[in-house]
Student: 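Below is the structure I would like to discuss, written out as structure tokens.
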Amino acid sequence: MTATGTYRRRSSTFRTRGLIAAATGGVALVLPLIGAGFASAAPAQAAPAQAATTEKAAVSGAVTTGSVSPQKAATVTHSVISGDTLSKIAQTYSVEGGWQKLYESNREIIGSSPSLIRPGMKLAVGAESEAATGASGASSATVTAAPVSYTDNLDGWIRESLAIMARHGIPGSYDGIHRNVMRESSGNPRAINNWDSNAVAGTPSKGLLQVIDPTFRAYHVPGTPFDSYDPVANITAACNYAADKYGSIDNVFGAY
């Protein structure tokens with residue numbers, strides 16, 4: 001952020017985080033991020049004549065089929081932004097089956113060419129899209145995404161932030177975040193600016209994207225620690241601020 005009295009953001013301690021893909025709902029953005037496994041459908045059980053019983057799905061996220069009404073699969077919605085590609089999105093969310101699976105699940109939205117995705121498209125990530133499961137919007141099996149782990153370094157922090165941003169509809173790309181982090185803090189989540197006008201005013205810029213506390217409080221995103229030094233919270237709040245002021249962190253190329 002700028003050396004003037006503008007808002008800034010924070011960062012925190014290093015650690016590994018786990019997330020579970022949100023149940024049917026919206027997303028956000030494009031960066032290389034997550035690893036999610038998808039269970040395949042279990043064979044349907046024949047129901048006894050007198051009382052239909054259903055086997056419980058395995059803890060790992062197996063499926064239930066047969067007479068039980070299918071539930072909607074866990075899924076994240078990714079809003080395509082400029083610079084996105086199916087392979088980049090698939091890598092960001094660690095889609096099992098890669099970009100081919102992502103394209104297959106969103107073919108009716110994308111069209112006949114997987115290389116032509118346009119900003120604003122809403123792609124289902126992590127499970128079969130409604131188009132792929134049929135007009136009823138229900139699949140013959142329910143799939144639960146496995147927990148996702150992120151590395152406790154800049155790459156992992158950015159990827160985790162992107163996943164959270166996607167769920168909150170905050171735009172931004174891996175490259176845009178990384179570029180600004182390196183300019184603002186050189187990747188140090190404990191960085192603090194004690195010399196500029198913000199510091200003189202008593203609100204030094206902190207963390208990976210150098211956010212001042214008032215900005216962090218105003219743009220903090222639920223689901224992240226309320227700590228301006230936490231790397232994921234700092235990145236996510238900064239991108240939320242940048243989206244409000246500049247349209248996206250991707251549009252920031254200097255002090256902000």
Side-chain angles (χ1 to χ4, degrees), residues 19-42 60-63 65 70-151 155-156 158-178 239 243 247-250:
L19 287 180
I20 298 179
T24 53
V27 62
L29 208 318
V30 50
L31 319 176
L33 288 169
I34 310 168
F38 305 99
S40 56
S60 63
V63 299
T65 61
Q71 303 171 16
K72 282 195 173 183
T75 162
V76 170
T77 301
H78 177 84
S79 296
V80 175
I81 64 170
S82 179
D84 273 356
T85 64
L86 289 182
S87 60
K88 181 185 282 189
I89 298 170
Q91 181 184 4
T92 294
Y93 294 95
S94 297
V95 174
E96 189 171 292
W99 70 265
Q100 295 92 337
K101 175 61 177 176
L102 186 61
Y103 174 58
E104 179 183 323
S105 298
N106 294 276
R107 184 185 295 268
E108 290 193 7
I109 296 172
I110 298 170
S112 60
S113 177
S115 63
L116 296 178
I117 59 173
R118 298 182 301 280
M121 283 183 171
K122 306 293 185 182
L123 305 182
V125 179
E128 296 266 330
S129 67
E130 189 168 304
T133 57
S136 65
S139 170
S140 60
T142 57
V143 180
T144 301
V148 174
S149 294
Y150 302 94
T151 55
D155 178 74
I158 293 176
R159 292 176 186 278
E160 185 174 351
S161 295
L162 284 168
I164 296 170
M165 290 162 60
R167 293 198 296 272
H168 289 272
I170 301 170
S173 70
Y174 186 98
D175 291 343
I177 293 173
H178 188 273
C239 288
S248 170
I249 190 70
D250 293 342

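One is the number of the first residue; the rest follow in order along the sequence. If you're wondering where the values come from, they're calculated on a predicted model, not measured in any experiment.
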Student: Grab the two heavy atoms, one from Tyr150 and one from Ala163, that are nearest each other, plus how far apart they are.
Tutor: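 Smallest interatomic distance, heavy atoms only, reads OH-CB, 3.6 Å.
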
Student: Evaluate the criterion side-chain contact (heavy atoms from CB on, under 4.5 Å) for residue pair Ile109 and Lys122; output intermediate values, then yes/no.
Tutor: CA-CA 8 Å; Ile109 296 172; Lys122 306 293 185 182; 5.7 Å; no

Student: Quick one: pull up CD1 in Ile89 and CG in Asn106 and give me the separation to the nearest 0.5 Å.
Tutor: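 If we round to the nearest 0.5 Å, Ile89:CD1 and Asn106:CG are 8.5 Å apart.
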
Student: For residues Gly111 and Tyr103, report the shortest heavy-atom separation together with the two atoms involved.
Tutor: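 Heavy atoms of Gly111 and Tyr103 come nearest at O-OH, 2.7 Å.
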
Student: Got a sec, which residues hit side-chain hydrogen bond (donor to acceptor under 3.5 Å, both in side chains) with Ser113, two or more places apart in sequence or on another chain?
Tutor: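 side-chain hydrogen bond (donor to acceptor under 3.5 Å, both in side chains) check on Ser113 returns Ser115.
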
Student: Which atom names give the shortest non-hydrogen contact between Pro171 and Met165, and what distance separates them?
Tutor: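 Distance-wise, the nearest heavy atoms are O-CE, 3.3 Å.
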
Student: Nearest 0.5 Å, please: how far is CG in Leu102 from CD in Glu104?
Tutor: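 Here the interatomic distance stands at 10.5 Å.
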
Student: Who passes side-chain hydrogen bond (donor to acceptor under 3.5 Å, both in side chains) against Ser248, sequence neighbours left out?
Tutor: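 Checked Ser248 against side-chain hydrogen bond (donor to acceptor under 3.5 Å, both in side chains); zero matches.
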
Student: Just verifying a value: how many Å separate Trp99 CH2 and Ile117 CD1, rounded to the nearest 0.5 Å?
Tutor: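 The CD1 atom of Ile117 is 11.5 Å from CH2 of Trp99, to the nearest 0.5 Å.
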
Student: Are Leu86 and Ile110 close enough, and set up right, to give a side-chain contact (heavy atoms from CB on, under 4.5 Å), and what steps lead you there?
Tutor: CA-CA 10 Å; Leu86 289 182; Ile110 298 170; 3.8 Å; yes

Student: What's the spacing between Asp175 CG and Ile249 CD1 if we round to 0.5 Å?
Tutor: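 The CG atom of Asp175 sits 12.5 Å away from the CD1 atom of Ile249.
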
Student: Please report the interatomic distance CG(Asp250) to CD1(Ile81), rounded to the nearest 0.5 Å.
Tutor: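 With rounding to 0.5 Å, CG (Asp250) is 4.5 Å from CD1 (Ile81).
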
Student: Give me the atom names and distance for the closest heavy-atom approach of Ala243 to Ile170.
Tutor: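 Nearest heavy atoms, Ala243 then Ile170: CB-CG2, 4.3 Å.
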
Student: For a quick test of reading the model, state the closest non-hydrogen atom pair linking Gly98 to Ala90 and the distance between them.
Tutor: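 Where Gly98 meets Ala90 most closely, the heavy atoms are C-CB, 3.6 Å.
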
